[in-house]
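What follows is one structure encoded as C-alpha cells, with my remarks underneath.
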Protein chains: 2
Amino acid sequence: MKFNKELLKGTTDMIVLKLLSQQDMYGYEIMKKLKQKTDNIFELREGTLYPILHNLESKKLITSYCQPTESQRKKIYYKITDKGRKILQDKEVEWKNFSEGISKLMGGIAYEN
Amino acid sequence: MKFNKELLKGTTDMIVLKLLSQQDMYGYEIMKKLKQKTDNIFELREGTLYPILHNLESKKLITSYCQPTESQRKKIYYKITDKGRKILQDKEVEWKNFSEGISKLMGGIAYEN
DNA sequence: ATACAATATATCGTATAACAAAGTATTATA
DNA sequence: TATAATACTTTGTTATACGATATATTGTAT
C-alpha cells in the first residue's frame, strides 16, 4: 500500500460493506476485488479481512451462505443485510464529515487563523 | 466529535504539523485552535496531544522554547522545523492518495465491476 | 474571600484494530 | 510432481487515541 496503514483504521467495515452492497462475495474474492478496483492501492490481508467478516456477521450486518457446488473447496459467501445497508449509509456520512474536516484543515489558506 | 475516533488514527501528526506550520503555538493553544478552526468537529484531548508533541520533538520535526513572560504559568511553545515541513508534505501526499482511493471506492457507480 | 471554572502540562493504563506469520486444505499449472 | 494460487482460520504483536488522574496557575462569580 502507498500510505500509512493507520489511515485505514475505522474505514475497513465501510469498505467491506460497500463491496458487498454491490454483489455477494466470499472472503478471498473480496480481497482480490478490493485490490483490483483500486489498482493495488488498497489491500486487506487475510488476518484483517476474515475477522472483520466474522464481526460484521455477528452484528447482523451481513449473513453468510454456502453456494451449492460440486467441488470440495469451501467458499463462504457473504450478503449484506438491510441493517448493513443502513449502517453503511451512516458510515459514509461519517467519512464525509471527517474527510471534509481534514480538507478544510489541510487545504486552508495560510493567512486564515 | 461527530465521527468514529478510529478515523483519526494516522492523521494526528499531520494535523499538528499543519497547525504549527501556520504559527508557533503551545500545546493548549493547539487544542483550542483545532476545535475552533473546525467548528468543534475535531478535537484532540490532552492525553493525545501532549504525547504527540513530545514524539514529534524527539523526531526533530518540531522544537520547543519558552516565551519570556512575567507570569508564573508554564507555556511551552512549539515551532516546526525544516524536516517537519518536509514530513508534513509527505503526509499530505499520503492523505491525498488515501482519500482519493476511498472516494474512488465509495463514489463508484453501481454497475462498475 | 472563596469556591469554581478555565488554563496549562504530564503520564499511566486501557481498548481497538490492522497486520504478520503460521497453519490447514484444495485446485490449477508448470 | 512440485509449486503457485486459492480459501479460510487463529495467535501474537504493534501502534495509537483516549479516559482518568494528577499538579499547578489564573480568572471569575457568588
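In what follows, chains carry the letters A, B, and so on, assigned in the order in which the sequence lines appear, proteins first and then strands, with residues in each chain numbered from 1.
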(request) Using whole Å, report how far CG of B:Leu8 lies from P of C:dA17. (result) 14 Å
(message) How many whole angstroms separate atom CG of B:Leu56 from atom P of D:dT16?
(response) 11 Å
(message) Does anything in residues 25-32 of chain B come within less than 4.0 Å of DNA chain C? Heavy atoms only, and list the residues if so.
(response) B:Tyr26, B:Gly27, B:Tyr28, B:Lys32
(request) Please report, rounded to the nearest Å, how far the P atom of C:dA25 is from the OH atom of A:Tyr50. (result) 16 Å
(request) Report the distance from atom CZ of A:Phe42 to atom C1' of C:dC19, rounded to the nearest whole Å. (result) 16 Å
(message) Using modelled atom types and a 3.5 Å cut-off, is there a donor and acceptor pairing between side-chain atoms of B:Thr81 and backbone atoms of B:Lys60?
(response) yes
(message) Test your reading of the model: is there a side-chain donor-acceptor pair from B:Lys83 to the backbone of B:Lys59, 3.5 Å cut-off?
(response) yes
(request) For the pair B:Phe98 and A:Phe42, name the ring-plane relationship: parallel under 30°, tilted 30 to 60°, perpendicular over 60°. (result) parallel
(message) Closest approach to the side chain of A:Lys75, judged atom by atom: which nucleotide of C:dA10, D:dC8, C:dA20 is it?
(response) D:dC8
(request) Please report, rounded to the nearest Å, how far the P atom of D:dA17 is from the CG atom of B:Leu34. (result) 13 Å
(message) Between B:Leu20 and B:Met25, is there a side-chain heavy-atom distance shorter than 4.5 Å?
(response) yes
(request) May I have the distance from B:Leu49 (atom CG) to C:dT9 (atom C1'), rounded to whole angstrom? (result) 10 Å
(message) Taking A:Lys75's backbone N and O only, do any of them form a donor-acceptor pair with A:Gln67's side chain (distance below 3.5 Å, no angle check)?
(response) no
Give me, pair by pair, the N or O atoms of the protein and of nucleotides 12-15 of chain D that are less than 3.5 Å apart, along with how far apart they are.
none

(message) From C-beta outward on B:Leu44, which listed nucleotide comes closest to its side chain: C:dA18, D:dC18, D:dT9?
(response) D:dC18
(request) For A:Ile76 and for B:Arg45, find the nucleotide of DNA chain D with the closest heavy atom, then tell me which residue's nucleotide is more 5'. (result) A:Ile76
(request) For A:Thr48 and for B:Tyr78, find the nucleotide of DNA chain C with the closest heavy atom, then tell me which residue's nucleotide is more 5'. (result) B:Tyr78
(request) Measure the distance from CD on A:Glu43 to C1' on C:dC19 and round it to the nearest whole Å. (result) 11 Å
(request) Just compare D:dT10, C:dC19, C:dT11 and give me whichever is closest to any side-chain atom of A:His54. (result) D:dT10
(message) Measuring from atom CD1 of B:Ile62 to atom CG of B:Asp13, what distance do you get when rounded to the nearest 0.5 angstrom?
(response) 9.0 Å
(message) Can you tell me how the ring of A:Tyr77 sits relative to the ring of A:Tyr65, calling it parallel under 30°, perpendicular over 60° and tilted otherwise?
(response) parallel
(message) What is the separation between atom CD1 on A:Ile52 and atom C1' on C:dA17, rounded to the nearest whole Å?
(response) 8 Å
(request) Inspect the surroundings of CD in A:Glu100 and state if more than 12 heavy atoms from other residues, nucleotides or ligands are less than 6.0 Å away. (result) yes
(request) May I ask you to say whether B:Glu6 pairs ionically with B:Lys9, meaning some side-chain N is under 4.0 Å from a carboxylate O? (result) yes
